[in-house]
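Note sheet for the following structure.
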Number of protein chains: 2
Amino acid sequence: METMTARPPTSSDVARLAGVSQATVSYVLNNRADSRVTEETRAKVLSAAEKLGYVRHAGARSLKTGNSGLVLLPLSDVPFGPLATRFIEDLDHELTALGYTMITYGARQARGMAAARAWAELRPAAIIVDTVKLTSASVGLLRKAGVKAVVGISPKPSTLVPTLVADQTEIGALAARHLRSQGRRKLAVIVPREDGLRDIGLDRREGFGAGLQIDLAFDPASAQEVLPLLRDIDGVFAYNDEYAMLLMSTLADAGIRVPDDIAIVGADDLPLARLLRPQLTTVALDISGTAAAVVTFLASLIDGTPATPPRLWTTHLIERSST
Amino acid sequence: METMTARPPTSSDVARLAGVSQATVSYVLNNRADSRVTEETRAKVLSAAEKLGYVRHAGARSLKTGNSGLVLLPLSDVPFGPLATRFIEDLDHELTALGYTMITYGARQARGMAAARAWAELRPAAIIVDTVKLTSASVGLLRKAGVKAVVGISPKPSTLVPTLVADQTEIGALAARHLRSQGRRKLAVIVPREDGLRDIGLDRREGFGAGLQIDLAFDPASAQEVLPLLRDIDGVFAYNDEYAMLLMSTLADAGIRVPDDIAIVGADDLPLARLLRPQLTTVALDISGTAAAVVTFLASLIDGTPATPPRLWTTHLIERSST
DNA sequence: ATCAACTGCTTATACGTATAAGCAGCCCTC
DNA sequence: GAGGGCTGCTTATACGTATAAGCAGTTGAT
């Protein structure tokens with residue numbers, strides 16, 4: 001309370017208390033190898049900084065050095081599960097190790113020029129963002145604002161920016177291959193009606209290949225509606241495990257047996273997949289090691305070295321009892 | 001590509017192109033009411049800024065004005081579902097409307113002094129953070145760094161900072177009341193073994209009152225292990241809907257009927273609650289309006305006006321078929 | 001006609017930091 | 001014992017912005 005009105009301590013305050021110049025404080029606190037400072041002076045500075053509760057001003061530093069050390073990760077519209085959460089955590093960990101500060105920017109609906117302006121204000125070193133949020137003009141703005149690495153995430157490579165390709169088609173393809181290997185021939189694919197999910201669903205469907213497309217909202221009523229479409233179907237790929245669950249509960253109510261009448265493959269290997277009865281066969285995504293590769297990639301771009309974007313994940317099928 | 005080496009345009013660049021002084025540019029772009037600028041000059045400035053792709057430097061602005069307009073929301077260790085996501089989005093929306101920039105800070109495991117220092121570097125106007133990440137010293141550091149509103153989130157009010165109380169006990173209490181009203185007397189409460197979840201679970205258990213506490217990891221094997229404990233139980237409150245699902249699938253395998261043998265109440269009203277068979281009775285949280293109240297509260301603290309933290313949610317029971 | 005008040009700008013400055021450049025004092029070397 | 005080079009600092013400066021203060025030119029009141 002006694003410090004309410006006092007302004008935050010600066011490096012000059014630290015210098016004054018330590019009896020040295022502000023420059024010396026800066027040299028000490030940044031641990032510059034080429035600065036020759038006595039161990040004694042160093043200790044004085046560190047103790048003064050500690051005593052004052054000094055914290056450097058990121059804005060001032062960014063102003064002077066021309067880069068903020070920030071990496072921006074504007075959140076996608078897609079509600080993300082354990083997988084994406086894990087990836088973000090890994091990414092943060094790797095970036096911190098390299099001295100960057102990762103920030104996930106809140107406004108999900110933000111896109112286009114207005115969003116780009118907001119991002120550019122922070123003068124980040126890099127930004128990783130869903131390509132649907134980018135336009136040619138906004139990429140230009142970001143580049144002009146000094147953002148070294150503008151990296152997209154998208155199911156398909158973008159022409160605007162280097163893109164981390166989240167290839168959805170191989171997920172569908174793997175599901176299709178498995179269903180066919182089980183002798184299923186009358187196939188269908190569930191595609192979500194929900195906005196953020198639909199495009200992903202269509203890509204998974206594309207990879208699946210031939211089969212009846214069934215649009216489904218995440219809602220029991222919607223599932224009830226599409227039930228007749230499954231009359232003549234013996235294998236379904238369900239976009240993801242949650243939609244598979246929705247389908248399975250509806251099928252159970254209708255007395256349709258899984259997998260005897262209809263085999264079902266989900267995707268994403270969510271925790272609930274093992275809890276369903278029958279347990280759900282699903283396409284799992286493996287992202288271990290991805291964050292490190294992405295960070296290496298970012299570092300290259302920031303250095304100006306050309307580099308190839310890494311793959312985001314590998315896929316494999318986990319066979320359980322629903323097929 | 002032609003602008004790769006050029007440094008980002010500054011307000012002085014805009015001024016030069018528009019043929020006015022840098023000060024005029026600043027007055028125009030900040031739309032200051034007390035600044036007297038001709039419509040003609042204003043147009044010249046805006047067009048020059050547009051042409052150059054000018055974006056102001058947030059760091060420099062924060063340096064000059066002494067505040068960054070940032071609101072920090074370091075993510076909690078608790079994996080959050082649709083509810084928390086919705087709250088964060090609402091919060092962002094409200095804060096944007098007031099001219100603040102909300103940032104969700106990545107490092108989940110970050111806490112204590114190191115984290116506080118990282119937060120303080122950005123000189124945010126406010127920070128909302130799980131109180132387990134705070135210490136007396138770190139709160140002091142943040143205050144000293146000029147953070148006007150240091151606000152905690154926690155199941156219990158904190159002595160360190162004004163706290164948004166996420167009261168878990170009323171959830172447990174509501175579940176207990178419902179089970180008793182159904183004539184259930186031999187009650188048990190599921191408490192998660194997982195780190196971030198356990199404390200929340202214990203609070204829900206506390207609100208539940210008398211009953212057997214069963215510690216459960218989110219894993220079918222763990223559920224199998226605790227099954228014998230349910231021999232003499234006729235009503236279970238399951239921490240949340242996901243744990244309820246785990247329990248239900250294990251009970252079904254064991255031939256124990258829900259709700260005939262055991263009634264089950266979940267919490268959080270996750271989408272999957274309606275997809276379980278029987279459909280899951282659950283304690284729902286209502287957070288509509290909370291974000292707006294929180295922002296009002298923050299604004300008060302930033303102004304220096306004393307204010308009382310708002311409630312985070314209200315609860316109500318949704319009765320379905322599992323009880 | 002005089003001067004105060006207003007208009008529409010410009011000039012000057014400070015915010016906190018990183019770092020280039022400078023500068024005493026000392027140690028070597030020959 | 002002169003001077004070159006090193007050590008351990010200090011001094012000075014620029015980054016981009018917001019805003020207080022100043023200042024010509026015009027208007028209005030008396």
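Lettering of chains follows the sequences in order, A, B, ..., and the numbering in each one begins at 1. Reckoned from all heavy atoms, side chains included, excluding hydrogens, waters and symmetry mates.
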In Å and rounded to the nearest 0.5 Å, what is the [atom1] to [atom2] distance from [X] to [Y]?
X	Y	atom1	atom2	answer
A/T104	B/I88	OG1	CD1	8.0 Å
B/R123	B/L70	CZ	CG	12.0 Å
A/L75	B/E89	CG	CD	8.5 Å

Go through the N and O atoms of the side chain of A/R36 and the base of D/dG8, and report whether any donor-acceptor pair is under 3.5 Å.
->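 In this structure, the two groups form no donor-acceptor pair.
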Roughly, in whole Å, what's the span from [atom1] in [X] to [atom2] in [N]?
X	N	atom1	atom2	answer
A/E39	D/dG8	CD	P	11 Å
B/R42	C/dT7	CZ	P	15 Å
A/K44	D/dC9	NZ	C1'	11 Å

What one should report as the nearest heavy-atom pair of B/V14 and B/A49 is CG1-N, 3.8 Å
side-chain contact (heavy atoms from CB on, under 4.5 Å) partner of B/E94, the single match among B/L298, B/T296, B/V295 |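 Of all the options given, the one that passes is B/V295.
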Minimum side-chain heavy-atom gap B/L134-B/L142 below 4.5 Å = yes
Could you tell me whether the side chain of B/I153 reaches within less than 4.5 Å of the side chain of B/V165, counting heavy atoms only?
->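 Side-chain contact under 4.5 Å: no.
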What is the nucleic acid contact for A/S62, judged by heavy atoms within less than 4.0 Å: base, sugar-phosphate only, or nothing?
->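 The residue A/S62 makes no contact with any strand.
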Please give the angle, rounded to 10 degrees, between the axes at the start and the end of the helix from C/dA1-D/dT30 to C/dC30-D/dG1, where five pairs define each axis.
-> 50°
Under 4.0 Å protein heavy-atom contacts per nucleotide of nucleotides 16-26 of chain C, with B for base, S for backbone only and - for none | BBBBB------
Which donor-acceptor pairs under 3.5 Å do the side chains of residues 16-25 of chain A make with protein atoms, sequence neighbours left out?
residue : atom : partner : partner atom : Å
A/R16   : NH1  : A/D13   : OD1          : 3.1
A/S21   : OG   : A/T24   : N            : 3.3
A/S21   : OG   : A/T24   : OG1          : 3.1
A/Q22   : NE2  : A/S11   : OG           : 3.3

